[in-house]
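To keep things clear, I will list the structure first and then write my remarks on it.
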Amino acid sequence: MAVPDLRAELESLLLQLLRDLEELEAKRTALNARVEEGWFSLSKARYSMGAKSVGPLQYSSRMKPQVCVCTSEAQNGLQKFWVVRASAQTPEEVGPREAALRRRKGLTRTPEPDPSPALQDPLNWFGILVPHSLRQAQASFREGLQLAADMASLQIRINWGQSQLRGLQEKLKQLELGAT
């Protein structure tokens with residue numbers, strides 16, 4: 001590879017790296033704003049509902065994640081992260097609950113609560129009519145989670161770009177030393 005071509009590639013890679021760094025900084029600022037807004041909305045909800053009405057004591061004992069962070073690897077070897085909503089049932093949970101036959105007459109059992117109900121909105125743990133600030137807090141934290149996944153993907157791309165940049169700089173240095 002000729003020195004001018006290598007310099008042009010180095011320059012384009014450096015520009016892409018700077019664009020990625022600028023985007024990362026913007027996402028980091030947005031994430032900080034979403035988290036700050038979420039905590040502020042949560043404190044407003046605590047103020048309006050009472051400090052004991054919004055806290056860990058209201059969490060469900062059968063808490064399930066609402067979202068999952070997934071990852072995949074692209075053709076160039078870079079990992080990509082994204083957030084997906086958790087499904088109501090996984091394939092393992094679909095099917096009969098009991099393998100044996102049931103008796104029609106005999107012992108009467110109290111029906112057990114469904115171990116895998118459809119995903120419920122966690123805001124229902126705090127009552128039916130929750131303040132708008134609690135919904136705002138939930139939305140802010142969800143946006144923040146999406147931004148965090150985007151930032152993780154971007155950070156991996158930046159690290160890859162830095163390693164490519166170092167490799168091209170070494171190549172350029174060797175070509176220039178070989179030319180002299």
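Residue indices begin at 1 and follow the sequence shown. No hydrogens, no waters, no symmetry mates; every other heavy atom, side chains included, goes into these values.
- Scanning both residues, L42 and A137, for their nearest heavy atoms gives N-CB, 3.8 Å.
- Between the E143 side chain and the S140 main chain, no donor and acceptor come within less than 3.5 Å of each other.
- Atom CG of D20 sits about 11.0 Å away from atom CG of L15, to the nearest 0.5 Å.
- I158 and L165 end up in the same hydrophobic cluster when Ile, Leu, Val, Met, Phe, Trp and Tyr side chains are linked at under 4.5 Å.
- The backbone N or O of P122 lies less than 3.5 Å from no partner atom in the side chain of Q138, so there is not a single donor-acceptor pair.
- To the nearest 0.5 Å, atom CG of residue L154 and atom CZ of residue R28 are 9.0 Å apart.
- Here the straight-line distance linking atom CG of N159 with atom CD of Q164 works out to 12.0 Å at 0.5 Å rounding.
- E11 has its side chain out of reach of Q16: every pair of non-hydrogen atoms, C-beta onward, lies at least 4.5 Å apart.
- Residues L168 and E9 are in side-chain contact: their nearest non-hydrogen atoms beyond the backbone lie under 4.5 Å apart.
- Placement of W82 and L147 in two distinct hydrophobic clusters is found when ILVMFWY residues are connected by side-chain heavy-atom separations under 4.5 Å, directly or transitively.
- For the atom pair CG (L145) and CG (L31), the distance works out to 9.5 Å, reported to the nearest 0.5 Å.
- Side-chain atoms of Q169 and L10, non-hydrogen and from C-beta on, do get closer than 4.5 Å to each other.
- Residue L21 is not grouped with residue I156 when hydrophobic side chains (ILVMFWY) are merged at heavy-atom distances under 4.5 angstrom, including chains of intermediate members.
- Between E23 and R157, at least one side-chain N (NZ, or NE/NH1/NH2) sits under 4.0 Å from a carboxylate O, which counts as a salt bridge.
- Within a 6.0 Å radius of NZ in K27, more than 12 heavy atoms belonging to other residues, nucleotides or ligands are found.
- For the pair A149 and V83, the tightest heavy-atom approach, listed with the atom from each and the gap, is CB-CG2, 3.7 Å.
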Please walk me through it: do L78 and E73 pass side-chain contact (heavy atoms from CB on, under 4.5 Å)? CA-CA 6 Å; L78 298 177; E73 196 166 318; over 6 Å; no
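- Between the side chain of S153 and the backbone N or O of F81 there is at least one donor-acceptor pair closer than 3.5 Å.
- Looking at N32 and E36, their side chains never bring a donor and an acceptor atom within 3.5 Å of each other.
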Evaluation steps, salt bridge (charged side-chain N to carboxylate O under 4.0 Å, His left out), between R19 and E22: CA-CA 5 Å; R19 278 192 293 268; E22 188 176 355; over 6 Å; no
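- Residues W125 and L123 are not in side-chain contact: their nearest non-hydrogen atoms beyond the backbone lie 4.5 Å or more apart.
- Between R135 and I128, the shortest heavy-atom contact is NH2-O, 4.3 Å.
- Closest approach of P131 and S48 over heavy atoms only: CG-OG, 3.7 Å.
- Using bins of under 30°, 30° to 60° and over 60° for the plane-to-plane angle, the ring pair W39/F141 lands in the perpendicular bin.
- The nearest pair of heavy atoms linking V54 to A45 is CG2-O, 4.2 Å.
- Counting only N and O atoms by type, the side chains of D121 and Q66 include no donor and acceptor under 3.5 Å apart.
- A distance of 8.5 Å separates OG in S133 from CE in M49, rounded to the nearest 0.5 Å.
- Although no hydrogens or angles enter the test, the distance criterion places no donor-acceptor pair under 3.5 Å between the side chain of S41 and the main chain of G38.
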Walk me through it: do R7 and V3 pass the test side-chain contact (heavy atoms from CB on, under 4.5 Å)? CA-CA 6 Å; R7 285 186 190 274; V3 174; 3.6 Å; yes
Report the C-alpha separation of F126 and L134 in whole Å, then their side-chain angles, then the decisive distance to 0.1 Å, and conclude whether the side-chain contact (heavy atoms from CB on, under 4.5 Å) test is met. CA-CA 9 Å; F126 304 100; L134 200 55; 3.9 Å; yes
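- Between the R85 side chain and the V67 main chain, no donor and acceptor come within less than 3.5 Å of each other.
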Working note: Q146 + M151, criterion side-chain contact (heavy atoms from CB on, under 4.5 Å); need CA distance, chi angles, decisive distance, verdict. CA-CA 9 Å; Q146 181 63 48; M151 285 173 52; over 6 Å; no
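- The residues K173 and E176 are annotated as not salt-bridged, no charged nitrogen and carboxylate oxygen being separated by less than 4.0 angstrom.
- With contacts defined as side-chain heavy-atom distances shorter than 4.5 Å, the pair K52/L57 does not qualify.
- If you chain together hydrophobic residues whose side chains sit under 4.5 Å apart, L17 and W160 never meet in one group.
- Using a 4.5 Å cut-off on side-chain heavy atoms (C-beta onward), Q79 and S72 make no contact.
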